[in-house]
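A quick write-up on the structure given underneath.
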Amino acid sequence: MNNMKMNRRNFLFRTAGTVATGAALSGCSVGRTGGSASAAVNSRPNFVLFYLDDQPYNGMRCTGAPELKTPNMDQLASEGVLFEKSFVTTAICCCSRASLYTGQHMRCHGVRDFRTPLAAGQWKQTFPALLRQNGYRTALLGKYAIGDPISGKVPPMPADEFDLWYGFPQMIEFKQVVGGKERYLTTVMTEKATAFLDEVNPDRPFCLIMAFKEPHGPLNYWDPEFPDPYRDTIFPLPTNLTTNSFEALPEIVRNGLNNQSNWLGNPEAYQETMRKLHGYTSRADLAMGQIRQALKQRGLDKNTVIIHTSDNGSMDGAHGLGGKWLMYEESIRVPLVIMDPRLPVSARGRRNQMALNIDLAPTILAMAGIRASDTMQGMDLQPMLGDPEAKGREDWYYEHVYNTSPPRRPIPRCEGVRTDRWKYIRYTDPEPPLEQLFDLDVDPLEEKDLAGDPVYVDTLRSLRARCGDHRESLAGRDAAVEPVIQ
């Protein structure tokens, strides 16, 4: 049996959780598009979700990193629709993963830290649960990371809510012991996924979630069967990995957990880290290719929608920072490819509309002909899949409230609004709050803060008000997220 390194309690709980979180199941509903509930069973598509951990938007060759070896990700993007402006509404795994499954903003689902779970009633409204309630066979393999079942203080993970469960909490080792032998985690996951596909019933569609751990650390065990693809590679430094860019940051950011300024004077340390991170991304790419091949061999590829995305991005040296959490582009922008083989070849390509992680739940359900829960706040992306000119959202709200405990450096809490052109960031801990404003059309690297420029006072005032409007519209569900300084 696989040794998951969980000494205090086996994580494979089989009992549904009953403890409620601070979020109720009513309210916090924003207009969204749902699908018809009358789709014929035999016409409903299958779904495979490739869900990476900390992969930024530019973590593929096809998104601007020619040094990367991601042939399967690139091929998927060429055969589907690549959203160039895809974002997460909270850039930390526990919150973002809850948003993916529920289709809700963080302050509505209430998962704002690593301890808070989704209650059993909340899980019943997620897209995997609704798919299964409507006849789908479901599987989750990999990182679940919502709540802390090891503590015994929160509900267990929803193992019984899937036909196949091989999930684990926040931390897990890449080195697993199966049958007394060391195995690489993703190899085991791929084998289980292939076995799941072997049991497909033609009359019952399926949803397979592959929640890869790559490229998140700890990166201390390498797959012995996978040659290191970047042993001698020299990666270009981020354009804004400079002393000037770092020193232009607010003091609370420079002194926070994101500080990776040691890379400024030690480029080899940067190279060593990037070789590891990108190596693990390439290992996930291999698994994606293997599963796509398994689909084709079993004749399942013609009716299987494949989605590739990530729970958040990673700063990877931009501004002299590491990690995620903040509202800068490298942290919040993620890959999003949706490949629907039923669409015409002419629909393939890139889209410029803004898409969010909360959009995937209603989109998947609409594709399956299942009415989305009224609690979901995302939008159905199908119109954009078929029409590059389809109308998207004008702006959206970001928030991050999780913080660390001493002696770790703190994470500045923030909220903000992003439009196609502008980004407004509001750090809520200082008194008064600290604001940043960036014109992304002329400053995509976010190096020139315009918040103090009198020329842009009207823009700043407008976005500040818009941020407040978003906050107020979402405020009915989780008072524990408050207060936000007005």
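Model, not experiment: these values are computed from the prediction.
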Any sub-3.5 Å donor-acceptor pair from [X]'s side-chain atoms to [Y]'s backbone N or O?
X	Y	result
Ser282	His278	yes
Ser86	Phe83	no
Gln122	Ala119	yes
Asp449	Leu437	yes
Thr70	Met60	no
Asn403	Ile411	yes
Asp74	Cys62	yes
Arg61	Pro66	yes
Thr116	Asp113	no
Gln353	Pro388	yes

Specify the closest pair of heavy atoms between [X] and [Y], including all atoms of both residues, with the distance to one decimal.
X	Y	result
Ile92	His400	CB-NE2, 3.7 Å
Lys423	Ile332	NZ-CD1, 3.8 Å
Gln125	Ser373	OE1-OG, 3.0 Å
Met384	Met379	CE-CE, 3.5 Å
Leu52	Pro215	CD2-CD, 4.4 Å
Leu381	Ile338	CD1-CD1, 4.1 Å

Hydrogens and angles aside, do [X] and [Y] bring a side-chain donor and acceptor to less than 3.5 Å of each other?
X	Y	answer
Asn262	Gln260	yes
Ser99	His109	yes
Glu415	Tyr427	no
Asn357	Ser96	yes
Gln55	Ser310	no
Asn259	Ser261	yes

Is any NZ, NE, NH1 or NH2 atom of the basic residue among [X] and [Y] found under 4.0 Å from an Asp or Glu carboxylate oxygen of the other?
X	Y	value
Glu84	Arg351	no
Glu329	Arg418	yes
Arg421	Asp439	yes
Arg283	Glu214	no
Arg393	Asp359	yes
Arg413	Glu399	no
Lys213	Asp53	no

In Å, rounded to the nearest 0.5 Å, how long is the span from [atom1] of [X] to [atom2] of [Y]?
X	Y	atom1	atom2	value
Ile307	Leu49	CD1	CG	6.0 Å
Leu474	Thr89	CG	OG1	9.5 Å
Met288	Thr186	CE	OG1	12.0 Å
Thr281	Lys276	OG1	NZ	14.0 Å
Ile146	Thr102	CD1	OG1	8.0 Å
Leu360	Met376	CG	CE	10.5 Å

Check your understanding: Run the ring pair (Phe, Tyr, Trp, His ring centres under 6.0 Å) check on Phe168 and Tyr144 step by step: do they pass?
Key -> CA-CA 6 Å; Phe168 47 83; Tyr144 177 66; 9.8 Å; no
Practice item. With ring pair (Phe, Tyr, Trp, His ring centres under 6.0 Å) as the test, would you mind laying out the steps for Phe235 and Tyr270 before giving the verdict? Key: CA-CA 9 Å; Phe235 293 97; Tyr270 171 83; 8.0 Å; no
Going by heavy atoms in the side chains, are [X] and [Y] under 4.5 Å from each other?
X	Y	result
His105	His470	no
Arg275	Leu219	no
Glu446	Leu440	yes
Pro128	Ile209	yes
Val253	Leu321	yes
Pro56	Lys324	no
Lys124	Leu118	no
Gln176	Tyr184	no

Practice item. Report the C-alpha distance between Glu435 and Leu460 in whole Å, list the side-chain angles of each, state the deciding distance to 0.1 Å, and finish with yes or no for side chain to side chain contact (heavy atoms under 4.5 Å, CB included). Key: CA-CA 9 Å; Glu435 299 173 309; Leu460 180 67; 3.9 Å; yes
Point to revise | Over-ring placement of Arg97 relative to Tyr51, 6.0 Å and 45° cut-offs | key: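 Arg97 over Tyr51 ring: yes.
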Review point. Is the NZ or CZ atom of Arg333 positioned over Tyr57's six-membered ring, under 6.0 angstrom from the centre and within 45° of the axis?
Key: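 Cation-pi check for Arg333 and Tyr57: passes.
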Under 30°, 30 to 60°, or over 60°: which ring-plane class applies to [X] and [Y], parallel, tilted or perpendicular?
X	Y	answer
Tyr101	Phe127	tilted
Trp396	Tyr398	perpendicular
Tyr328	His319	tilted
Trp222	Phe226	tilted

Review point. How about Phe212 and Tyr280: are their ring centroids closer than 6.0 Å?
Key: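 No - the distance between ring centres of Phe212 and Tyr280 does not fall below the 6.0 Å cut-off.
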Exercise for review: Verify whether the ring centers belonging to Tyr424 and Phe438 lie closer than 6.0 Å.
Suggested key: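 So the answer is no for these two rings.
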**Study point:** CA sep, side-chain torsions, deciding dist, call: Met106, Tyr397, side chain to side chain contact (heavy atoms under 4.5 Å, CB included)
**Key:** CA-CA 11 Å; Met106 180 198 72; Tyr397 177 73; over 6 Å; no
Point to revise | Exceeds 12 heavy-atom contacts within 6.0 angstrom, atom CD of Glu251 | key: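 Atom CD in Glu251 is not packed in, count stays at 12 or less.
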Point to revise | side chain to side chain contact (heavy atoms under 4.5 Å, CB included) between Leu100 and Asp311, worked out | key: CA-CA 8 Å; Leu100 174 84; Asp311 60 350; over 6 Å; no
Exercise for review: List the steps and the verdict of salt bridge (charged side-chain N to carboxylate O under 4.0 Å, His left out) for Lys69 and Asp285.
Suggested key: CA-CA 8 Å; Lys69 299 175 182 179; Asp285 179 88; over 6 Å; no
